[in-house]
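Everything on this sheet refers to the single structure shown next.
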Amino acid sequence: MAQSLDRLKESPSQTAGPYVHIGLTPNFCGIGGVYENDLGSVMVNEQTKGERIELRIRVLDGTGTPLKDALVEIWQADANGLYNSPTELRCAADPNFQGWGRQPTDMETGLCLFKTIKPGRVPFREGRLMAPHVTLWIVARGINIGLHTRLYFSDEEQANGEDPILARIEHRVRVPTLIAERQGDTYVFDVHLQGEKETVFFDS
């Protein structure tokens, strides 16, 4: 006999933590023998083409306090604006560039660091070039659905001014929340989850 379904209730939603680090970054958690290096922890090698940079990222809550148990993934084009993806049909991307990275935030400082390269410009759907950017996906305890945003570069003012995504943001005052500030070879980027400086997030 078929079971009546009208008495079933929705099961509780599951957040990403605290076990997200155990599953995705076991070496970071002190669990050895799963991977030599946590997947996504190394994006470049000695043959990777392009300008070497470091991304220093913090995820901040509504009080401005860094989240110390967040996990950040990034996805970006290579130095020529090509993606390391089977769907990239324009040309072959740099085989020495991973194009994807994953890092947990430090349990003491709340920082995560990516050693990567400055991405090239990628065409938008209409053919116009987007500014160099990095896509971020963020999960943490209390975040039920991963958050998507972008990171642009402060020293790409002309390209940023031409970017079709930045031009479409409804509240232009929030565009600076997507700009990473350059400090030498490092770009510093804070992701604000709430408050007046809340970062612009995009639909997944």
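- Residues V72 and I74 are in side-chain contact: their nearest non-hydrogen atoms beyond the backbone lie under 4.5 Å apart.
- Side chain of S154 to main chain of A180: a donor-acceptor pair is present (N/O by atom type, distance under 3.5 Å, no hydrogens or angles).
- The local environment of CD in E198 is crowded, with over 12 non-hydrogen atoms from other residues, nucleotides or ligands closer than 6.0 Å.
- Across every non-hydrogen atom of A79 and G50, the tightest pair is CB-CA, 3.7 Å.
- Linking ILVMFWY side-chain heavy atoms closer than 4.5 Å, directly or via other members, places I53 and V188 in two distinct hydrophobic clusters.
- Within the 3.5 Å criterion, the main-chain N or O of I117 finds a donor-acceptor partner in the side chain of Q76.
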| request: Quick one: do R56 and E181 satisfy side-chain contact (heavy atoms from CB on, under 4.5 Å)? Show the steps, please. | output: CA-CA 10 Å; R56 191 174 75 189; E181 293 297 325; over 6 Å; no
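- Within a 6.0 Å radius of CD in E157, other residues, nucleotides and ligands contribute 12 heavy atoms or fewer.
- Rounded to the nearest 0.5 Å, atoms CG (L24) and OG (S41) are 12.5 Å apart.
- In this structure a side-chain-to-backbone donor-acceptor pair under 3.5 Å is present from T48 to N96.
- Between G101 and F114, the shortest heavy-atom distance links the atoms C-CE2, 3.6 Å.
- The local environment of CD in E126 is crowded, with over 12 non-hydrogen atoms from other residues, nucleotides or ligands closer than 6.0 Å.
- Within the 3.5 Å criterion, the main-chain N or O of K49 finds a donor-acceptor partner in the side chain of D94.
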| message | Please evaluate residues R121 and E156 with respect to the criterion salt bridge (Lys or Arg N to Asp or Glu O under 4.0 Å), reporting the C-alpha separation (whole Å), side-chain torsions for both, the decisive distance (0.1 Å), and the verdict. | response | CA-CA 11 Å; R121 299 183 73 176; E156 296 283 350; over 6 Å; no
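- Without hydrogens or angle criteria, T199 side chain to H192 main chain gives a donor-acceptor distance under 3.5 Å.
- When all heavy atoms of G32 and N27 are compared, the pair lying nearest together is CA-OD1, 4.0 Å.
- Under a hydrophobic-cluster definition in which Ile, Leu, Val, Met, Phe, Trp and Tyr are linked whenever side-chain heavy atoms come within less than 4.5 Å, directly or via other members, V134 and L129 are assigned to different clusters.
- Residues M130 and P123 fail the side-chain proximity criterion, which asks for heavy atoms closer than 4.5 Å.
- Rounded to the nearest 0.5 angstrom, T25 OG1 and Q103 CD are separated by 9.0 Å.
- With hydrogens and angles ignored, the 3.5 Å screen pairs a side-chain donor or acceptor of D163 with a backbone N or O of L166.
- In this structure, CG in D38 is found 9.5 Å from CG in L71, a value given to the nearest 0.5 Å.
- In this structure, D185 and R52 have side chains that are not in contact, with every pair of non-hydrogen atoms separated by 4.5 Å or more.
- Separation of the H148 and F202 ring centroids does not fall under the 6.0 Å cut-off.
- Formation of a donor-acceptor pair under 3.5 Å by the D61 side chain with backbone atoms of L67 is not found in this model.
- Note on Y187: it does not cluster hydrophobically with L111, by side-chain heavy-atom contacts below 4.5 Å among ILVMFWY residues.
- Rounded to the nearest 0.5 Å, atoms CG (D106) and CZ (R58) are 12.5 Å apart.
- Annotation for Q47: atom CD counts as buried by contact number, over 12 foreign heavy atoms lying within 6.0 Å.
- Shortest non-hydrogen contact noted between A77 and G120 is CB-O, 4.4 Å.
- For the ring-ring contact (aromatic ring centres under 6.0 Å, His included) with H133, the lone residue among Y152, F124, F153, F189 that qualifies is Y152.
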| message | Is there a side-chain contact (heavy atoms from CB on, under 4.5 Å) between W100 and M43? Walk through the geometry before answering. | response | CA-CA 7 Å; W100 168 82; M43 298 180 67; 5.7 Å; no
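- Note on K118 versus D78: no salt bridge recorded, every NZ/NE/NH1/NH2 to OD/OE distance being 4.0 Å or above.
- The hydrophobic clustering, which links ILVMFWY residues whose side-chain heavy atoms are closer than 4.5 Å, places I179 and L60 apart.
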| task | Kindly determine whether L178 and L151 satisfy side-chain contact (heavy atoms from CB on, under 4.5 Å), including the steps that lead there. | result | CA-CA 5 Å; L178 301 179; L151 175 160; over 6 Å; no
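- Separating the OG1 atom in T177 from the CD1 atom in I169 is a distance of 7.0 Å, to the nearest 0.5 Å.
- Using the six-membered ring where Trp is involved, W75 and Y83 have ring planes that are parallel, under 30° apart on the 30 and 60° scheme.
- A donor-acceptor contact shorter than 3.5 Å is absent between the side chain of R174 and the backbone of P176.
- The backbone N or O of F97 lies less than 3.5 Å from a partner atom in the side chain of N84, making a donor-acceptor pair.
- Closest of all the heavy-atom pairs between P104 and C112 is O-CB, 3.3 Å.
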| request: Would you check, one step at a time, whether the test side-chain contact (heavy atoms from CB on, under 4.5 Å) holds for W137 with V139? | output: CA-CA 7 Å; W137 182 74; V139 291; 3.3 Å; yes
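- Separating the CD atom in E36 from the CG atom in L39 is a distance of 11.5 Å, to the nearest 0.5 Å.
- A salt bridge links E51 with R182: the distance from a Lys NZ or Arg NE/NH1/NH2 to an Asp or Glu carboxylate oxygen falls below 4.0 Å.
- Between the R90 side chain and the G81 main chain, a donor and an acceptor come within less than 3.5 Å of each other.
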